[in-house]
Amino acid sequence: MSEARKATALLLPPLALLALFFAWPMALTLREALSSPDAWTWALGSPYVRSRLGTAVAQAALASGLALALALPLAWLHHRRALPFDRLQRALHAAPFVMPVFVMVLGIQAVLGRGGWVHDFTGVDALAALGPLGAVALTNAYYNYGFGARLLHAALLRRPHGLEESAQVLGAPPRLAFARVTLPLLAPSIAAVALLTFLFSMASFGVVLFLGEGEVGTPETLLYENLSGGFPRTDRAAVLGVLQLGLNLALLLGYLWLRRREARIPASSPRPAPPARPWESAAAWAITLLALAPLLAVLVGGFRLAGQWSLEPWRALLDASHPAHLGGFDLGRALFLSLLYAAATVILSLALTAMLAYGARRLGGWPRRAVEALAALPLGASSLLLGFGYLLAFGAGAWLDLRGGVLVVVLAHTLLAFPFAARILLPALDQHDRRLDEAAALLGARPREVALRIHAPLLRPHVLVAAGMAAAVSLGDFGASLVLTRPSTMGLGIWIARHGGLGSFDPLARAQSVALAGLLLVLVVGAYVLVERSRAPGEVVV
Amino acid sequence: MALRAPAAALLLLALALAGCTSAPEPAAAGTYAALGFDGTNWPRLEGVKLTVLAYSSFGSVFGDLARDFRNRTGAEVELVTEDDTGGVLERALREKGEPSFDVVYGVDNILLGKARREGLFEPYRALLARDIEPSLAFVEDGLATPMSHGYIAVNVDAKANLTLRTLDDVRANAGRFVTQDPRTSTPGLGFLIATVATYGDVSAGYDYLDYWKDLFEGGVLITAGWTEAYAGRFTGGYGQFESGARVDKAIVTSYTTSPAYEQYYGYDKLNHVVLAPKSTFHQVQTMAIAKGTPRLAAAQAFIEFCLTEAYQARAASGEAIYPVVRGVNVSDVYQGKDPRPGSFQTAGFTPAELDAKAEGWVRAWTEAYEKARAGA
């Protein structure tokens, strides 16, 4: 077989996997949706759906605005001054982006909610004052602002100082020079941050479910409403799923287009910024610590009960005979499963991406772009939608019944994580200097040796970043895990919810939830550190 | 790549685990009667691990029950809960054919028809079912075994100084009323059925949907489950003693035994129950065996065991409901403070009527609910 044929044959496994475990479930969802015209009338016409989607758009728009309002000054600060440990601080601000939903919700509640830090200090229940819409928008903004700051900061690194100076030489005042020269070039980045925050906020599930108090809805919470209880309406759920898929894909395409425009802007070498004055460094650190408060609250909360330090939550979690121990829960097993899912997701995602990358190398033009688009496609399907599709495709009565096992969870996580890995590794392999490969081939190396001996070491940082992101996606998954797992296959994420901590008033149950969330937080931070240590400065991960 | 080798081993392990469900057990696939159960002799079931799926408040009696069952038969039992009975049925439906549990407790006389149509259960005519009160033995083919019963009714906080006698009075105070979503909670469903019984099915005049429209306009709160409503929001429940509960509603849908239950646990006031004709609902909870369970004998043994005094006597103090077995005395718990069953008229639909119509009522309610929320 020719080299080209062999390489293209590599494309078959990933495409087959995408077809079977993404396209097929989505096709069945579409079929379910098309089977019921009533469900379409309801979804498109019902005032209830419209009002829920209205709140979804409202909170997403608010979140985007808020995220930009936080990200722009932060990026500007890091741009104008060389702060000590600035990479670390930017990484800390962006940490929420990879955090699981429970960590965020419990953290926000622990700081701003009833009985939280602000309440203890000032007697004000800030979360209630914000109202459900405000609380959801704030949490979604908090998720994305740090990532947005990083994207904007990276864009500012490419600021064309030379062009600005030319403008100033021609008589423009510095502000005008900036506004007329650089700002238009920054526009795609600003729009990208807004659009990505909007996309993730519209797709938000856990945050809205637990902080929305039923007042705020998104397509995904509506989907869940129609799936839960004794009288589920799968036809309505399917219609909502299809609509959500369409919406997400449209927003995603917009985001990808903006990022491509951004990439076309010629890079200029960054100028070193003047060192920060002491009060500026202190202020920057104060802001960073403030931003980390919810995460710190979660870490600490697992050891506090009724205002005192206590190990009781951990005792209840670990001791099966403890009266407050939740039936069916085994910490060792839950932890093992979470790590197993993460490890399996990492391996499968990396393998898929590698096959896709090497298989597509020989292709040019539109087949190449098609492959890249396919790799990004699963980003449009939210976790719950994928889980729902799997229930249809691999559930009761299907030709392949995967219920009750770990495989279906691994597959769902892999489908959700692999687009992130692809978006990191595909460009990295593209940018690799082929002359090295050619030189090696001249010296007698076969393609596989080239891959192992040249690509692997050079791409190792990117592989680690991709691995870290895949692990974070798997550890933080909620929607798919909610519908696809049963007590014997549930990971930490779902057990946090089942401990009733999010709605519960029983302090010990809640403390157990927070303790588990703290544990999950530590695991995700581990994955995140891997990402951050390996990432090149200025490189953005989505 | 350095990461792959150890992780690949882990993946193989994962796929291997995917096939396993549990460690090999002694054969318990035959019936319990075949092993020698005759009502007095309880054959041992060493090494068997049974899983029971139930609603969360069952946990309060489960610890002692499991211990006693283990002493009697040697089998271990583990409890897995969902928040409310709707969640129990949801899980059973989702795992149809491949259940993660052996016994399910929480499908009642309203939902049993659906469970029957979906083929979720394995019938079993329990030997000790002969001790069940005949009027409660509504399942002829033994698809499920009645295990407890109660009367769903509106409870009013004694501290609130409200005299509510009928559902009309409840409507007048809708803003202080919290009830449960009938899709996810059977007390909520029971209350919905009571409104159908009181105001009539859809008609040109004032029907139950008009009643609900008025309730929504009046500001009634709907929660997903009973615990959130009764303990989280009701000012007269045990939640009032918990620091984290946001108790702010004086009227709640619960059981006729809830006020007496609160007194038994030390509350000094007796809440009031609305007992107007047809404003209450008689709910019979059943226990059933999951279809396809490999631990049939143990599942049957557990059902038989729950029909003995061991569970029936504790049902009252543990869960604020009534036992189904004749002759079990609950007066020491309720002290005569519960409205005597039979002294008030319940909604009165037969299981066949409920099975035929409940889903339609729930759908109509959902439409009314969504319409009201859309206006908000």
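Predicted model, so just to flag it, every value in this text is computed and none were measured. Numbers restart at 1 for each chain; the letters A, B, ... are given by sequence-line order, proteins then strands.
- Using a 4.5 Å cut-off between heavy atoms, Val49(A) makes no contact with chain B at all.
- Only the side chain of Leu189(B) has a heavy atom closer than 4.5 Å to any heavy atom of chain A.
- Electrostatic pairing of Glu213(A) and Arg246(B) counts as a salt bridge here, judged by a charged N lying under 4.0 Å from a carboxylate O.
- Neither the backbone nor the side chain of Ala92(B) has a heavy atom closer than 4.5 Å to any heavy atom of chain A.
- Side-chain N or O atoms of Lys114(B) include one that pairs as donor or acceptor with a backbone N or O of Gly230(A) at under 3.5 Å.
- Contacts of Glu95(B) with chain A are made by both backbone and side-chain atoms, with heavy-atom separations under 4.5 Å.
- Each of Ser228(A), Gly395(A), Gly54(A), Gly229(A) has some count of heavy-atom pairs under 4.5 Å with chain B, and the biggest count is that of Gly229(A).
- Looking at Thr227(B), the atoms closer than 4.5 Å to chain A (heavy atoms on both sides) sit in the backbone and in the side chain alike.
- Atoms CZ and CZ, on Phe231(A) and Arg183(B) in that order, are 11.0 Å from each other to the nearest 0.5 Å.
- Using a 4.5 Å cut-off between heavy atoms, Leu402(A) does not touch chain B at all.
- Glu98(B) approaches Asp401(A) most closely through the heavy-atom pair CG-OD2, 3.9 Å.
- Of the atoms belonging to Glu78(B), it is side-chain heavy atoms, and not backbone ones, that fall under 4.5 Å from chain A.
- At distances below 3.5 Å, not a single donor-acceptor pair connects side-chain atoms of Arg486(A) with backbone N or O atoms of Phe101(B).
- For chain B, the option among Phe329(A), Tyr48(A), Tyr341(A) with the highest count of heavy-atom pairs below 4.5 Å is Tyr48(A).
- The closest side-chain heavy-atom distance from Arg91(B) to Pro487(A) is below 4.5 Å.
- The backbone N or O of Arg94(B) lies less than 3.5 Å from a partner atom in the side chain of Arg403(A), making a donor-acceptor pair.
- For chain B, the nearby part of Arg233(A) is the side chain; its heavy atoms alone come within less than 4.5 Å.
- For Thr234(A), no part lies near chain B; criterion is any non-hydrogen pair under 4.5 Å.
- Between Thr184(B) and Glu225(A) the shortest side-chain heavy-atom distance does not fall below 4.5 Å.
- Interface remark: Leu111(B) contributes side-chain atoms only to the contact with chain A (heavy atom separation under 4.5 Å).
- Nearest heavy-atom pair across Val80(B) and Arg498(A) is CG1-NH2, 3.7 Å.
- Contact record, Glu370(B) with Ser46(A): OE1-OG, 4.4 Å, taken as the closest heavy-atom pair.
- Most heavy-atom pairs under 4.5 Å with chain A, from the set Arg363(B), Lys96(B), Glu359(B): that is Arg363(B).
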